[in-house]
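What's counted below: heavy atoms across the whole structure, side chains too, no hydrogens, waters or symmetry copies.
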Amino acid sequence: MGQTRSITAHFVSGRRYFENSLGNEFDFTQSTGPYEYLLGALSGCFYLTLLSIKHKSRWGEVTIDVNGTKRDALPSTLEKTELVITVKDAEDEEEFLSLARQAAAECSIYNTISQVSEMEWRVIFQ
């Protein structure tokens, strides 16, 4: 059986937040609502999946910009989701692209969102 992950969400007068099993708190605000957390989770899952794949090359800083467009119709799931991955100082660009393809195939959150959204990713090397 797989690993169980849990959060507890609290919606009280003046505050909306969730906390993880370690007690870390994450607020729902005007600028950090459920979709921001979902897109943040997608970027983290994608990168950690990429790191978990056996590879030889090294790279410097990676920035992942994630854009999600919600449908107008209900339920307003994501219609299109795009990851723009900027990589600095990649030793082997072809290997990184191969790793990114494999990460897209293996990242659980990427694949969960892909059930309702058109998914795209691209890499920019600097």
State which residues pass side-chain contact (heavy atoms from CB on, under 4.5 Å) with [X]; sequence neighbours excluded, sorted by chain then number.
| X | answer |
| --- | --- |
| T81 | L39, L42, V66, L78, I113, S117, M119 |
| A104 | F46, Y110, W121 |
| T8 | H10, E19 |
| T112 | none |

Are the side chains of F125 and L97 in touch, meaning some heavy atoms are under 4.5 Å apart?
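With C-beta onward as the side chain, the pair touches.
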Side chains of residues 20-27: which donor-acceptor pairs under 3.5 Å do they make with residues two or more places apart or in other chains?
unit_1	atom_1	unit_2	atom_2	d
N20	OD1	L22	N	3.0
N20	OD1	G23	N	3.1
N20	OD1	N24	N	3.0
E25	OE1	R15	NH1	3.1
E25	OE1	R15	NH2	2.7
D27	OD1	R15	NE	2.8
D27	OD1	R15	NH2	3.3

Among all residues two or more places apart in sequence or in another chain, which pass the side-chain hydrogen bond (donor to acceptor under 3.5 Å, both in side chains) test with T77?
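Residues passing side-chain hydrogen bond (donor to acceptor under 3.5 Å, both in side chains) with T77: R71.
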With rounding to the nearest 0.5 angstrom, report the NZ to CG distance, K56 to L99.
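So the NZ of K56 and the CG of L99 are separated by 12.0 Å.
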Atom CG in D72, atom CD in E79: separation rounded to 0.5 Å?
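Here the rounded value is 7.5 Å.
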Establish whether [X] and [Y] are linked, either directly or via other cluster members, by ILVMFWY side-chain heavy-atom contacts under 4.5 Å.
| X | Y | answer |
| --- | --- | --- |
| V123 | I53 | yes |
| I64 | L48 | yes |
| Y37 | Y35 | no |

Can you list, pair by pair, the side-chain donor-acceptor contacts under 3.5 Å of residues 85-94, counting residues two or more places apart and other chains?
unit_1	atom_1	unit_2	atom_2	d
E91	OE1	R58	N	3.3
D92	OD1	E94	N	3.2
D92	OD1	E95	N	3.0

Test of understanding: with salt bridge (Lys or Arg N to Asp or Glu O under 4.0 Å), list the residues that count as partners of E82, not counting sequence neighbours.
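E82 satisfies salt bridge (Lys or Arg N to Asp or Glu O under 4.0 Å) with R122 only.
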Apply salt bridge (Lys or Arg N to Asp or Glu O under 4.0 Å) to K80 and list each qualifying residue two or more places apart in sequence or on a separate chain.
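Salt bridge (Lys or Arg N to Asp or Glu O under 4.0 Å) list for K80, sorted by chain: E120.
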Do you know the tightest heavy-atom contact between I109 and A41?
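Minimum heavy-atom contact is CD1-O, 3.7 Å.
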Co-members of the apolar cluster containing V12 [side chain, <4.5 Å]
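Its cluster partners, ordered by chain and number, are none at all.
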ring-ring contact (aromatic ring centres under 6.0 Å, His included) partners of residues 57-92, not counting sequence neighbours, each pair once:
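As it turns out, the ring-ring contact (aromatic ring centres under 6.0 Å, His included) pairs with a partner in residues 57-92, which skip direct neighbours, are H55-W59, W59-F96.
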Which residue pairs pass the salt bridge (Lys or Arg N to Asp or Glu O under 4.0 Å) test with at least one member in residues 42-51, sequence neighbours excluded?
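For residues 42-51: none.
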